[in-house]
Amino acid sequence: MNLKINDTFNQELPADPDPSNSPRQVHKACFSLVTPRKTADPKIIHSSIEVAELLGISTEETKSDEFRDIFTGNKIIPNTNPYAMCYGGHQFGHWAGQLGDGRAINLAEVLHNNKRWAMQLKGSGETPYSRTADGLAVLRSSIREYLCSEAMYHLGVPTTRALSLALTGDEVLRDVMYNGNAAYEKGAVVCRVSPSFIRFGNFEIFAARKDYDSLKKLTDYTIKHFFPELGEPSKETYLAFFKTVAKRTMDMIVHWQRVGFVHGVMNTDNFSILGLTIDYGPYGWLEGYDHNWTPNTTDRQNKRYRYGNQSNMGVWNVFQLANALFPLINDAAPMEAFLKQIQLEYRIDYINMMRDKLGLKNSDAQSDEQLIVELEQLLQSSETDMTIFFRNLSNISKDLQIESENSDFLQEVKDAFYQVDDLKGETLKEWKIWFENYLNRLAKE
């Protein structure tokens, strides 16, 4: 393969001077050099031809031994220096200190068709940030990440991508049900691809340690390579950087809500500075429309990262980024004002997204918001499948007649209800009123 390597992160930013690979606190460094662990019997299960083309890799090359060896960590690309990033993060609302790439190793950056792509192996062994973990991944979680990132991309959601999924031939010990019954599973490695894997936590760790020199270097690097339109480093540029990241983050969450995606672990170390969905752990999509649903069993009690709270958590995370960037801006007022502004903008963007789902284009936003609020209440009270409901709603004709107390008017969307027999009495009456209002609104289109 003839990849056009153009490494910048590990060339322009401060490196960890300690070459050892033992778990430790890493100070005044953005990364540590790490060599991926060689695997016993690597086999590529699947590769994304689309993503390969982004990197300048041909279909034939994805079938080669060289491709297999590089993207399972068994061969280092010539003239590259793989590394693991140093970052911190707030986990479930609490500062967790240093976290870092505990089971991810960045291979290199590639330039192709004037676009930059970072390639990262997940599950390729220990790093200085692994703490007590083994840095490995198993097949079931790797399949989920590989498929989901590509599915999200094709659903129009901002996301990292996935190049390849491979078996390692190694056995990995995992406690699947977290009940003390650990067992060996098949080991696997995913190659993830993104313009960058920089997270909110990369900035937070330096601010928390009062290492403002490294904070400035990282921020200047990020603006130079990924936000060059913002201009040369200055307080005004740093503020514009914060605002741009905040807006991208909230735009991403609108997309999550659109498709019913629940991230599950919205910690600040899992938030991309580019506004991309990153780190697919205990994620899920809504089946029954439920603002209180979360796929993360460890979040079951407080449901901090539930579907209906994702926008609030996005704002909370952006607030933590504001705190991290404050030493460079040194003026809280414009940052606080923008935090209020993006909450208002998010609500407008959310309502417009829902209007799209309902097929409403002509301007009538105020009454549309009420229509949407009432629909959301009905969808939850009647236990309704989100995807089926909105898909089937598109078949509704604005000429539909609603003349009686029976449920004939629900015929097109009936498949979306878990318990059709429950649609009676007051519930049926509320649905009837909503559909009458919806049809009146459609008539204005």
Side-chain angles (χ1 to χ4, degrees), residues 148 151-152 155-157 253-264 282-297 299-300 303 305-312 346-347 349-361 364-365 367-443 445:
C148 185
M152 291 281 275
L155 286 167
V157 181
I253 293 174
V254 170
H255 281 288
W256 288 1
Q257 304 302 105
R258 171 174 62 83
V259 298
F261 175 79
V262 187
H263 188 282
Y283 68 83
W285 281 275
L286 292 187
E287 291 185 14
Y289 188 85
D290 182 1
H291 278 202
N292 288 318
W293 185 75
T294 174
N296 189 348
T297 56
D299 194 24
R300 186 164 39 200
K303 296 188 176 181
Y305 298 142
R306 63 193 182 275
Y307 175 71
N309 205 38
Q310 291 191 128
S311 64
N312 294 329
Y346 171 84
R347 185 61 184 173
D349 292 342
Y350 176 83
I351 293 300
N352 286 331
M353 175 274 290
M354 289 295 288
R355 292 175 74 219
D356 284 344
K357 289 177 79 71
L358 294 173
L360 307 179
K361 299 294 183 183
D364 197 2
S367 64
D368 287 350
E369 181 167 4
Q370 183 61 30
L371 191 71
I372 289 163
V373 169
E374 291 170 356
L375 174 61
E376 290 176 331
Q377 292 170 348
L378 283 169
L379 289 173
Q380 291 188 91
S381 66
S382 302
E383 194 176 4
T384 317
D385 185 284
M386 174 181 176
T387 306
I388 296 174
F389 178 84
F390 283 106
R391 177 67 272 175
N392 289 4
L393 190 67
S394 66
N395 297 325
I396 293 287
S397 167
K398 61 184 178 182
D399 299 322
L400 177 68
Q401 298 297 312
I402 302 178
E403 299 175 348
S404 65
E405 291 299 319
N406 63 36
S407 60
D408 289 350
F409 64 91
L410 292 174
Q411 195 61 39
E412 289 288 356
V413 296
K414 192 159 65 173
D415 289 347
F417 297 104
Y418 283 66
Q419 299 292 334
V420 178
D421 293 341
D422 290 346
L423 297 174
K424 55 189 176 183
E426 193 63 28
T427 300
L428 184 62
K429 182 179 178 181
E430 290 173 354
W431 271 112
K432 180 175 179 287
I433 292 170
W434 186 86
F435 265 95
E436 286 174 339
N437 293 334
Y438 179 53
L439 292 171
N440 288 336
R441 177 64 183 85
L442 283 182
E445 291 294 321

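Position 1 is the first residue of the sequence, and the numbers go up from there.
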K.L.:
Provide the closest heavy-atom pair for Pro295 versus Pro282 in the form atom of the first, atom of the second, distance.
P.N.:
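Answer, listing the atom of Pro295 first, then Pro282: CG-O, 2.7 Å.
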K.L.:
State, yes or no, whether a side-chain contact exists between Phe390 and Leu375 at a heavy-atom distance under 4.5 Å.
P.N.:
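When only atoms from C-beta onward are counted, Leu375 and Phe390 do touch, with a gap below 4.5 Å.
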K.L.:
Could you list the residues that satisfy side-chain contact (heavy atoms from CB on, under 4.5 Å) with Asp290, not counting sequence neighbours?
P.N.:
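With sequence neighbours excluded, Asp290 shows a side-chain contact (heavy atoms from CB on, under 4.5 Å) to Asn292, Trp293, Gln380, given in chain and number order.
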K.L.:
Report the residues that fulfil salt bridge (charged side-chain N to carboxylate O under 4.0 Å, His left out) with Arg391, sequence neighbours left out, ordered by chain and then residue number.
P.N.:
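If we apply the salt bridge (charged side-chain N to carboxylate O under 4.0 Å, His left out) test to Arg391, skipping adjacent residues, there are no hits.
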K.L.:
Check whether any side-chain heavy atom of Ile396 sits under 4.5 Å from a side-chain heavy atom of Phe409, and report yes or no.
P.N.:
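No, side chains not in contact.
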K.L.:
With side chains defined as the heavy atoms from C-beta onward, is the minimum distance between Val413 and Phe435 less than 4.5 Å?
P.N.:
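Of all side-chain heavy-atom pairs linking Phe435 with Val413, at least one is under 4.5 Å.
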K.L.:
State which residues pass salt bridge (charged side-chain N to carboxylate O under 4.0 Å, His left out) with Asp356; sequence neighbours excluded, sorted by chain then number.
P.N.:
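Scan of Asp356 (salt bridge (charged side-chain N to carboxylate O under 4.0 Å, His left out), adjacent residues dropped) gives Lys361.
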K.L.:
Would you compute the distance between atom OG of Ser311 and atom CG of Asp349 and round it to the nearest 0.5 angstrom?
P.N.:
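Going from OG on Ser311 over to CG on Asp349, the span is 11.5 Å.
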K.L.:
Specify the closest pair of heavy atoms between Leu442 and Leu358, including all atoms of both residues, with the distance to one decimal.
P.N.:
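Smallest interatomic distance, heavy atoms only, reads CD2-O, 4.1 Å.
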K.L.:
Only pairs under 3.5 Å count here: list side-chain donor-acceptor contacts from residues 256-264, not counting sequence neighbours, and write none if there are none.
P.N.:
| unit_1 | atom_1 | unit_2 | atom_2 | d |
| --- | --- | --- | --- | --- |
| Trp256 | NE1 | Thr277 | OG1 | 2.9 |
| Gln257 | OE1 | Gln310 | NE2 | 2.6 |
| Gln257 | NE2 | Tyr307 | O | 3.2 |
| Arg258 | NE | His255 | ND1 | 3.3 |
| Arg258 | NH1 | Leu155 | O | 3.2 |
| Arg258 | NH2 | Leu155 | O | 2.7 |
| Arg258 | NH2 | Gly156 | O | 3.4 |
| Arg258 | NH2 | His255 | ND1 | 3.0 |
| His263 | ND1 | Val265 | N | 3.2 |
| His263 | ND1 | Val265 | O | 3.3 |
| His263 | NE2 | Ile278 | O | 2.9 |
| His263 | NE2 | Asp279 | O | 3.3 |

K.L.:
Could you report the tightest heavy-atom contact between Leu378 and Ser381, atom names first, then the distance?
P.N.:
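Scanning both residues completely, I find the closest heavy atoms to be O-OG, 3.0 Å.
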K.L.:
If you measure from CG on Asp368 to CZ on Arg355, what distance do you get to the nearest 0.5 Å?
P.N.:
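So the gap between those two atoms works out to 4.5 Å.
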K.L.:
Going by salt bridge (charged side-chain N to carboxylate O under 4.0 Å, His left out), name the residues that satisfy it together with Glu445, two or more places apart in sequence or in a different chain.
P.N.:
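Salt bridge (charged side-chain N to carboxylate O under 4.0 Å, His left out) check on Glu445 returns Arg441.
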K.L.:
For the pair Leu360 and Tyr438, evaluate side-chain contact (heavy atoms from CB on, under 4.5 Å) and give the outcome as yes or no after the intermediate values.
P.N.:
CA-CA 10 Å; Leu360 307 179; Tyr438 179 53; 4.2 Å; yes
K.L.:
Report the distance from atom CD1 of Ile388 to atom CG of Leu393, rounding to the nearest 0.5 Å.
P.N.:
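Output value for this atom pair is 13.0 Å.
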K.L.:
Glu436: what forms a salt bridge (charged side-chain N to carboxylate O under 4.0 Å, His left out) with it, not counting sequence neighbours?
P.N.:
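Salt bridge (charged side-chain N to carboxylate O under 4.0 Å, His left out) check on Glu436 returns Lys432.
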K.L.:
Mind running side-chain contact (heavy atoms from CB on, under 4.5 Å) on Glu374 and Ile433 for me, showing each step along the way?
P.N.:
CA-CA 10 Å; Glu374 291 170 356; Ile433 292 170; 6.0 Å; no
K.L.:
Closest heavy-atom contact between Cys148 and Trp285?
P.N.:
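Looking at all heavy atoms of both residues, the shortest contact is SG-CH2, 3.5 Å.
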K.L.:
Do Leu410 and Leu428 come within less than 4.5 Å of each other through their side chains, counting heavy atoms only?
P.N.:
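Result yes, sub-4.5 Å side-chain heavy-atom pair found.
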K.L.:
So which atom in Tyr350 and which in Val254 form the shortest heavy-atom distance, rounded to 0.1 Å?
P.N.:
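For Tyr350 versus Val254, the nearest heavy atoms are N-CG2, 4.4 Å.
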K.L.:
Between Asp299 and Tyr305, is there a donor-acceptor pair closer than 3.5 Å when you use the side chain of the first and the backbone of the second?
P.N.:
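Such a contact is found between Asp299 side chain and Tyr305 backbone.
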K.L.:
Under the side-chain contact (heavy atoms from CB on, under 4.5 Å) rule, what do Tyr418 and Glu287 come out as? Steps first, then yes or no, please.
P.N.:
CA-CA 10 Å; Tyr418 283 66; Glu287 291 185 14; 3.5 Å; yes
K.L.:
Just by distance, do the side chain of Thr294 and the backbone of Asn296 share a donor-acceptor pair under 3.5 Å?
P.N.:
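Checking the backbone N and O of Asn296 against the side chain of Thr294, a donor-acceptor pair under 3.5 Å is found.
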K.L.:
Could you report the tightest heavy-atom contact between Lys303 and Arg306, atom names first, then the distance?
P.N.:
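Smallest heavy-atom distance, with atoms named: O-NH1, 2.7 Å.
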K.L.:
Would you say that more than 12 heavy atoms from the other residues, nucleotides or ligands in this model lie under 6.0 Å from the CD of Glu430, or not?
P.N.:
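It does: Glu430 CD has more than 12 such atoms within range.
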K.L.:
Can you measure from CG (Leu286) to OG1 (Thr384) and round to the nearest 0.5 angstrom?
P.N.:
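The distance works out to 11.5 Å.
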K.L.:
As an exercise, state the distance from CD1 of Ile253 to OH of Tyr346, rounded to the nearest 0.5 Å.
P.N.:
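These two atoms lie 7.0 Å from each other.
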K.L.:
Once you round to the nearest 0.5 Å, how far does CD1 of Ile372 lie from CD of Gln377?
P.N.:
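One gets 12.5 Å once the value is rounded to the nearest 0.5 Å.
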K.L.:
Can you tell if the side chain of Phe417 reaches within under 4.5 Å of the side chain of Asp422, non-hydrogen atoms only?
P.N.:
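No, side chains not in contact.
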